[in-house]
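What's counted below: heavy atoms across the whole structure, side chains too, no hydrogens, waters or symmetry copies. When a residue number appears, it is its place in the shown sequence, counting from 1.
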Amino acid sequence: MPELTAQVARAVAARGPYPLAMRVRDELGELFGDAEFAEAFGSRGRPGWSPGQLALVTVLQFTENLTDRAAAHRVLYGMDLKYALGLELDDPGFDASVLSEFRTRLVEHGIEEKAFDLLLTALKGRGLVKAGGKQRRLHPRAGGGTRSEQAGAGRGDAAGRAGGVGLLGPGLADPGGARSGMGRPLQTADSLLASAGLYEQA
């Protein structure tokens with residue numbers, strides 16, 4: 001963690017509620033190691049972002065109902081995301097398309113559950129969820145549909161509509177939408193973070 005990033009992020013966070021992204025980093029450390037995703041991201045591929053970092057962005061993106069574009073913007077300008085990812089303040093971030101490519105590769109290699117499995121292991125190891133993995137499930141809202149479905153209906157983001165809202169939320173899906181296989185693992189990871197007390201589901 002760059003010292004300047006930590007100092008600035010904590011100073012900004014002190015002005016309001018402590019951000020989820022920073023709480024995850026404080027409680028769970030570097031949650032997703034690159035080696036865990038080696039099956040889908042070999043050393044011979046084109047240089048790019050750490051798959052472990054992209055996994056963390058993807059989970060946090062889902063909890064906040066962010067489109068790919070909004071998530072990439074947060075990585076570039078948000079102190080909480082720079083802190084969670086251990087980035088320098090001037091890190092240029094990545095193009096929004098990288099997130100879609102990341103999800104696609106996970107599904108293609110059959111490891112779309114990997115982020116959830118690692119998160120569950122980390123939370124169990126710190127006693128934040130029961131050994132049996134019991135967690136609060138994501139329930140439908142009073143108005144009907146899950147949080148991500150309602151958020152997608154209200155945002156009107158063109159990219160989100162094109163990607164298919166459903167389980168993955170606005171702009172979070174590839175063209176396969178909820179059928180891509182990433183919806184349920186992300187929903188469950190979201191519920192795990194809430195049940196561990198790291199944040200309150202809206």
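One distance of note links CG of Leu66 with CG of Leu99; it measures 10.0 Å at 0.5 Å rounding. Between the OG1 atom of Thr121 and the CZ atom of Phe116 there is a distance of 9.0 Å, given to the nearest 0.5 Å. Interatomic distance, CD of Gln61 versus CG of Leu56, reported as 11.0 Å (0.5 Å rounding). Here Leu119 contributes atom CG and Lys124 contributes atom NZ; the two are 11.0 Å apart, rounded to the nearest 0.5 Å. Distance check: Tyr18 OH to Asp26 CG gives 3.5 Å after rounding to the nearest 0.5 Å.
Within the 3.5 Å criterion, the main-chain N or O of Arg69 finds no donor-acceptor partner in the side chain of His73. A donor-acceptor pair is defined here as one N or O able to donate and one able to accept, closer than 3.5 Å; such a pair exists between the side chain of Arg126 and the backbone of Ala122. Asp34 places no side-chain N or O within 3.5 Å of a backbone atom of Ser50 that could act as its donor or acceptor partner. Between the side chain of Thr5 and the backbone N or O of Tyr83, no donor-acceptor pair lies under 3.5 Å. At least one donor-acceptor pair under 3.5 Å links the side chain of Thr63 to the backbone N or O of Leu60. The backbone N or O of Ala6 lies less than 3.5 Å from no partner atom in the side chain of Lys82, so there is not a single donor-acceptor pair.
Leu106 places a side-chain heavy atom less than 4.5 Å from the side chain of Phe37.
Nearest heavy atom pair, residue Leu76 against residue Pro92, reads CD1-O, 3.4 Å. Across all non-hydrogen atoms, the minimal contact from Gly93 to Trp49 is O-NE1, 3.3 Å. Smallest separation of non-hydrogen atoms from Asp95 and Ser97: OD2-OG, 2.6 Å. Minimum interatomic distance between Pro19 and Ala13 (heavy atoms only, all atoms of both residues): CD-CB, 3.7 Å.
The residues Arg25 and Glu30 are annotated as salt-bridged, a charged nitrogen and a carboxylate oxygen being separated by less than 4.0 angstrom. Under 4.0 Å is where a charged nitrogen must lie from a carboxylate oxygen, and between Asp68 and Arg103 at least one such pair does. Using a 4.0 Å cut-off between charged side-chain N and carboxylate O, Glu39 and Lys114 make no salt bridge.
Linking Ile, Leu, Val, Met, Phe, Trp and Tyr whenever their side-chain heavy atoms come within less than 4.5 Å leaves Val57 and Met79 in two separate clusters. Transitive grouping of hydrophobic side chains (ILVMFWY, heavy atoms separated by less than 4.5 Å) keeps Val12 and Leu81 in distinct clusters. Transitive grouping of hydrophobic side chains (ILVMFWY, heavy atoms separated by less than 4.5 Å) keeps Leu85 and Val8 in distinct clusters. In the hydrophobic clustering of this structure, Leu4 does not group with Met22; members are Ile, Leu, Val, Met, Phe, Trp, Tyr whose side-chain heavy atoms approach within less than 4.5 Å, directly or through other members.
Between Phe102 and Phe41, the angle of the ring planes stays under 30°, which puts this pair in the parallel group of the 30/60° scheme.
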Test Leu87 against Gln53 for side-chain contact (heavy atoms from CB on, under 4.5 Å), laying out the working first. CA-CA 10 Å; Leu87 302 178; Gln53 289 177 319; 3.6 Å; yes
